[in-house]
Number of protein chains: 2
Amino acid sequence: MTKKQRLTGPQRRAQLLEVGRELFASRGYEATSIEEVAAQAGVSKPIVYEHFGAKEGLYAAIVEREMDGLVQRMSDAIAQGSARERFEGAVVAFLSYAKEEPAGFAVLTRDSPTSSARRGLTRVIDDLAQRVGDIFQAEFSRAGFNPKVAPVYANALVGMVTQVGVWWAAEGRPLSLEHVAKHVVALGWMGLRHLPSEPAVQGPRPKGRHKG
Amino acid sequence: MTKKQRLTGPQRRAQLLEVGRELFASRGYEATSIEEVAAQAGVSKPIVYEHFGAKEGLYAAIVEREMDGLVQRMSDAIAQGSARERFEGAVVAFLSYAKEEPAGFAVLTRDSPTSSARRGLTRVIDDLAQRVGDIFQAEFSRAGFNPKVAPVYANALVGMVTQVGVWWAAEGRPLSLEHVAKHVVALGWMGLRHLPSEPAVQGPRPKGRHKG
DNA sequence: CGGGTAGCCTACTTGCCGGTAACTTACGAT
DNA sequence: ATCGTAAGTTACCGGCAAGTAGGCTACCCG
């Protein structure tokens with residue numbers, strides 16, 4: 001068998017990130033023990049602590065890395081083209097990530113450890129929705145729609161793609177990526193193109209609203 | 001002060017379900033201890049075990065009850081009316097549930113305990129998507145679309161509504177239910193009415209049907 | 001009043017897991 | 001070769017939470 005190999009710091013760190021990702025993906029945060037991570041890496045517990053300080057440190061490092069990867073893909077995808085092309089690009093990028101990085105996708109999709117709640121929105125997907133929401137907000141204002149409903153669409157689209165991604169991955173990807181993307185894009189795009197006008201469009205007369 | 005009141009079995013059981021739901025909703029499964037549940041109910045640990053056997057038993061009972069409640073609302077909502085009305089009804093029913101049963105909604109939205117995976121799809125929402133998918137499947141076949149893509153739409157719609165619900169609840173429901181529902185329905189309905197035809201359609205069915 | 005039973009409690013055991021202290025070993029540079 | 005350092009180890013602590021054994025008490029019913 002492979003000799004008990006000594007790795008350099010960065011190498012070991014990278015390996016632990018890899019192993020941790022796989023474990024967190026399959027078992028979830030709570031059900032994964034540091035000992036397990038260490039064992040799977042052929043190393044002992046304190047090594048993990050040496051690199052990441054605490055369990056949450058390891059988890060945070062993994063999530064951050066995956067988040068960066070996903071955001072990178074999405075950013076590239078919406079860098080240019082018509083609005084429709086960018087939308088389609090975003091969907092394809094998201095599904096590609098789900099396909100090519102199943103473990104990372106699983107980690108991002110699962111619940112976070114309870115303590116790391118920031119600002120009340122705990123799940124990572126919510127973060128993504130927030131970013132999309134910011135983009136939409138500007139876009140909506142520009143187009144004369146009520147920007148307050150932008151988050152509704154942002155969350156709707158993110159949730160749509162996410163859930164489809166989860167199903168698609170869990171089901172062993174029964175359809176091709178292009179196939180799935182096509183339908184999702186169609187569903188989302190049509191809705192966006194037919195935004196209903198509403199009483200509360202920002203016209204000259206802001207109407208008195210009832211309860212929130 | 002309230003006397004150390006002795007409750008009957010069913011009463012205590014109901015109370016524990018209530019307390020447990022609240023706790024699981026706010027802390028999540030792992031972070032909630034049976035002792036906490038017992039304390040909050042003004043009772044000691046073994047009582048909980050007497051009623052539910054194990055922690056998972058309590059959790060399962062709570063989830064099942066909430067799931068039933070949600071399904072009940074949805075079923076009522078889609079019992080009659082045009083397709084569009086039923087769709088709208090389903091969305092409204094879902095959001096109403098999120099609004100009126102925030103704790104239950106939180107429980108259903110969170111991750112389940114790792115061990116209770118059934119059929120590979122662990123999350124409760126996936127169950128819902130499955131049911132919707134079955135309905136769509138039949139509907140798609142009838143309308144001449146490829147039924148294999150039905151789950152895509154089912155998951156997309158369920159994910160859409162779910163994520164919007166999560167956001168809406170987490171944000172303290174900044175918009176009215178009707179307002180949110182209107183936009184979500186618009187987004188979903190438009191997409192459904194313009195299903196893209198595709199190479200793999202079964203049968204000579206060229207064009208999307210019209211209906212009022 | 002006197003039992004029986006249903007509801008409830010105290011007081012454990014057990015095992016796991018996050019985290020740490022203190023020691024050991026490989027290895028390259030001088 | 002040897003010394004310094006980075007890499008890795010064993011062996012422990014402390015705490016918490018799941019689950020249980022066995023005893024107590026209120027209340028109903030005759």
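In the text below, chain A, chain B and the rest are named by the order of the sequence lines, each starting its count at 1. Below, all heavy atoms of this structure are taken into account, side chains as well, without hydrogens, waters or symmetry copies.
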Exercise for the section: Starting at atom CZ of A:Phe52, determine the distance to atom P of D:dA7, rounded to an integer number of angstrom. Expected result: 13 Å
Problem - Sugar-phosphate, base or nothing in reach of A:Ser33, heavy atoms under 4.0 Å - result: sugar-phosphate
Problem - B:Arg27/B:Glu36 ion pair, N-O < 4.0 Å - result: yes
Exercise for the section: Check the distance between C:dC9's P and B:Tyr49's OH and give it to me in whole angstrom. Expected result: 15 Å
Problem - Distance-only polar pair, side chains of B:Asp76 and B:Gln72, donor-acceptor under 3.5 Å - result: yes
Fill in the blank from the handout: Looking only at C:dG18, C:dC8, D:dG19, the nucleotide nearest the B:Glu50 side chain is C:dC8
Handout entry: Heavy-atom donor-acceptor pair, B:Lys55 side chain to B:Tyr29 backbone, under 3.5 Å
Key = yes
Completion exercise
Looking only at C:dC17, D:dG19, D:dA21, the nucleotide nearest the B:Pro46 side chain is D:dA21
Exercise for the section: Select from B:Lys45 and B:Leu7 the residue whose nearest nucleotide in DNA chain C is closer to the 5' end of that strand. Expected result: B:Leu7
Problem - Nearest-Å distance for atom pair CG/P, residues A:Leu58 and C:dC17 - result: 16 Å
Completion exercise
Assert: residue with more 5' nearest nucleotide on DNA chain C, out of A:Lys55 and B:Ile47, is B:Ile47
Handout entry: Separation of atom CD in B:Gln40 from atom P in D:dA17, rounded to whole Å
Key = 15 Å
Handout entry: Nucleotide C:dT20, atom P - distance to NE2 of A:His51 in whole Å
Key = 16 Å
Handout entry: Gap between atoms CD and P, on A:Glu30 and C:dC16 respectively (whole Å)
Key = 17 Å
Problem - Side-chain donor/acceptor of A:Arg6 to base of D:dG8, under 3.5 Å - result: no
Practice task
Say whether, by atom type as modelled, one donor and one acceptor occur between the side chain of B:Glu88 and the main chain of B:Val185 under 3.5 angstrom.
Solution key: no
Problem - Sub-4.5 Å side-chain heavy-atom contact between B:Leu17 and B:Phe52 - result: yes
Practice task
Could you check whether B:Ile34 gets within reach of a base, just the sugar-phosphate, or nothing at all, counting any heavy atom under 4.0 Å?
Solution key: sugar-phosphate
Exercise for the section: Measure the distance from OH on B:Tyr59 to C1' on D:dA18 and round it to the nearest whole Å. Expected result: 18 Å
Practice task
In whole angstrom, give the distance that lies between atom CD of A:Glu35 and atom C1' of D:dA11.
Solution key: 12 Å
